[in-house]
Amino acid sequence: MKIALFGTSADPPTAGHQAIIKWLSQNYDRVVIWAADNPFKSHQTPLQHRVAMLHLLIDEIHAPQHNISLEQELSSFRTLETLDKAKQRWGTKTEFTLVIGSDLLPQLPHWYRIEDLLHQVQLLVVPRPGYVIDQSTLQTVENLGAKIAIAQLHAPDVSSTAYRNSGDPEALTPPVIDYIHQQHLYKCQDASKKSLQIR
């Protein structure tokens with residue numbers, strides 16, 4: 001069995017995340033997702049809200065084989081620990097592929113026990129607009145033992161950061177937007193509401 005492991009900050013999860021998950025569901029036996037606390041990022045939103053939004057995002061995807069699942073118990077600061085949990089769950093004979101955005105490639109050499117991790121997983125890099133996959137970075141990661149594939153996928157040019165900064169509604173799916181409004185999660189939402197009230 002081939003399992004794609006896709007941890008994401010999901011702050012908030014976007015239409016881009018949804019496109020990636022759909023694509024993975026068509027190319028892997030199972031897609032396992034969780035909301036992660038990335039030690040290289042600062043998060044605006046508590047983890048429980050990010051998990052709830054990820055649930056809403058996944059619920060909208062109608063994968064014919066129902067092979068997508070949110071497994072929050074896999075979440076860990078250290079991806080190697082996540083992999084250990086996945087092996088306990090699905091067995092050591094399962095082929096695991098770690099899915100990362102191209103923006104994370106330069107960070108990879110700094111991850112905890114990265115060589116141990118890369119010797120136990122395939123690595124799938126999803127291109128992200130604005131983050132070029134350059135040969136020198138790929139070579140650095142390959143030198144650490146990575147077996148790298150590049151996803152043939154063109155996800156929407158949206159990002160969580162851009163949404164937090166400008167509140168672009170095109171970046172998110174309607175259920176996620178509704179949840180954000182209900183919970184008053186992002187300053188950009190409160191600001192846009194105030195400007196509407198002033199008008």
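We use all heavy atoms of the structure for the numbers below, so side chains are in, but hydrogens, waters and symmetry mates are not. Keep in mind that what you see is a predicted model, and the values were worked out from it rather than measured.
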(message) Just to verify, what does Ala171 make a side-chain contact (heavy atoms from CB on, under 4.5 Å) with, not counting sequence neighbours?
(response) Val158, Tyr163, Asp168

(message) According to side chain to side chain donor-acceptor pair (under 3.5 Å), who are the partners of Ser160, at least two apart in sequence or on a separate chain?
(response) none

(request) Compare every heavy atom of Trp34 with every heavy atom of Val32, then report the nearest pair and how far apart it is. (result) O-CZ3, 3.7 Å

(message) Going by side chain to side chain donor-acceptor pair (under 3.5 Å), name the residues that satisfy it together with Thr14, two or more places apart in sequence or in a different chain.
(response) His17

(message) Tell me the closest heavy-atom pair linking Val125 and Gly101, and the distance in Å.
(response) CG1-C, 4.4 Å

(message) Is there a side-chain contact between Thr137 and Tyr131 in this structure, where contact means two heavy atoms from C-beta onward sitting under 4.5 Å apart?
(response) no

(request) Start with the C-alpha gap between Thr79 and Val121, add the side-chain angles, then the distance that decides, and say whether side-chain contact (heavy atoms from CB on, under 4.5 Å) holds. (result) CA-CA 11 Å; Thr79 305; Val121 294; over 6 Å; no

(request) State which residues pass side-chain contact (heavy atoms from CB on, under 4.5 Å) with Thr161; sequence neighbours excluded, sorted by chain then number. (result) Ser159, Arg164, Asn165

(message) To the nearest 0.5 Å, what is the distance between OH on Tyr28 and CH2 on Trp23?
(response) 5.5 Å

(request) Name all pairs fulfilling the salt bridge (Lys or Arg N to Asp or Glu O under 4.0 Å) condition that reach into residues 85-99, sequence neighbours left out, sorted by first residue then second. (result) Glu71-Arg89, Glu73-Arg89

(message) Within the structure provided, determine whether Asp59 and Pro175 are in side-chain contact (heavy-atom separation under 4.5 Å).
(response) no

(message) Please give me the minimum heavy-atom distance between Pro12 and Leu172, naming the atom from each residue.
(response) CG-CD2, 3.8 Å

(request) With rounding to the nearest 0.5 Å, note down the distance linking OG1 in Thr140 to CD in Gln135. (result) 10.0 Å

(request) For the residue pair Gln139 and Asn143, confirm or rule out a side-chain donor-acceptor distance under 3.5 Å. (result) yes

(message) Determine whether Asn27 and Leu124 satisfy the following criterion, side-chain contact (heavy atoms from CB on, under 4.5 Å), listing intermediate values before the conclusion.
(response) CA-CA 12 Å; Asn27 289 277; Leu124 180 72; over 6 Å; no

(request) With sequence neighbours excluded, tell me which residues meet side chain to side chain donor-acceptor pair (under 3.5 Å) with Ser136. (result) Asp134

(request) Drop me the distance from Gln183's CD to His181's NE2, to the nearest 0.5 angstrom. (result) 12.0 Å

(request) Determine which pairs satisfy salt bridge (Lys or Arg N to Asp or Glu O under 4.0 Å) with at least one residue from residues 136-163, sequence neighbours left out, and list them in order. (result) none

(message) With salt bridge (Lys or Arg N to Asp or Glu O under 4.0 Å) as the rule and sequence neighbours excluded, what pairs involving residues 104-117 come up?
(response) Arg113-Asp116

(message) Is any side-chain heavy atom of Ile21 closer than 4.5 Å to one of Leu57?
(response) yes

(request) Taking ring pair (Phe, Tyr, Trp, His ring centres under 6.0 Å) as the test, write out the residues that go with Tyr179, two or more places apart. (result) His49

(request) Establish whether Ile148 and Val132 are linked, either directly or via other cluster members, by ILVMFWY side-chain heavy-atom contacts under 4.5 Å. (result) no

(message) List the residues meeting side chain to side chain donor-acceptor pair (under 3.5 Å) with Gln122, not counting sequence neighbours, and say none if there are none.
(response) none

(request) For residues Ile180 and Tyr186, determine if any side-chain heavy atom of one lies less than 4.5 Å from a side-chain heavy atom of the other. (result) yes

(message) Could you measure the distance from the CG atom of Leu108 to the CG atom of Leu144? Nearest 0.5 Å is fine.
(response) 8.5 Å

(request) Could you please spell out the steps behind the side-chain contact (heavy atoms from CB on, under 4.5 Å) verdict for Thr173 and Leu56? (result) CA-CA 9 Å; Thr173 61; Leu56 292 169; over 6 Å; no

(message) Looking at Asp29 and Lys2, would you say the former's side chain and the latter's main chain have a donor-acceptor pair under 3.5 Å?
(response) yes

(request) Mind listing the closest non-hydrogen atom pair of Pro13 and Val176 along with its distance? (result) O-CG1, 4.0 Å

(request) Could you check if a side-chain atom of Gln107 sits within less than 4.5 angstrom of a side-chain atom of Ile100, using non-hydrogen atoms only? (result) no

(request) Only one of Ile33, Val31, Leu83, Thr97 passes side chain to side chain contact (heavy atoms under 4.5 Å, CB included) with Leu5; say which it is. (result) Leu83

(message) Strictly distance-based, threshold 3.5 Å: is any side-chain N or O of Arg50 a donor or acceptor partner for the main-chain N or O of Thr45?
(response) yes

(message) Ignoring hydrogens, what is the shortest heavy-atom contact between Ala155 and Ile20? Give both atom names and the distance.
(response) CB-CG1, 4.3 Å

(request) Please confirm whether the backbone N or O of Ile133 pairs with a side-chain atom of Ser102, one donor and one acceptor, at under 3.5 Å? (result) no

(request) Only counting residues at least two apart or in another chain, list the ones meeting side-chain contact (heavy atoms from CB on, under 4.5 Å) with Val51. (result) Ala35, Leu47, His55, Leu70, Gln72

(message) With rounding to the nearest 0.5 angstrom, report the OG1 to CZ distance, Thr82 to Phe96.
(response) 11.5 Å

(request) Report the distance from atom CG of Leu74 to atom OG of Ser69, rounding to the nearest 0.5 Å. (result) 8.5 Å

(request) Check whether any side-chain heavy atom of Leu105 sits under 4.5 Å from a side-chain heavy atom of Val141, and report yes or no. (result) yes

(message) Holding to side-chain contact (heavy atoms from CB on, under 4.5 Å), I want the full list of residues that pass it with Pro169, two or more places apart in sequence or in another chain.
(response) Ile177

(request) State, yes or no, whether a side-chain contact exists between Leu117 and Arg78 at a heavy-atom distance under 4.5 Å. (result) no

(message) For a quick test of reading the model, state the closest non-hydrogen atom pair linking Pro174 to Glu60 and the distance between them.
(response) CD-OE2, 4.5 Å

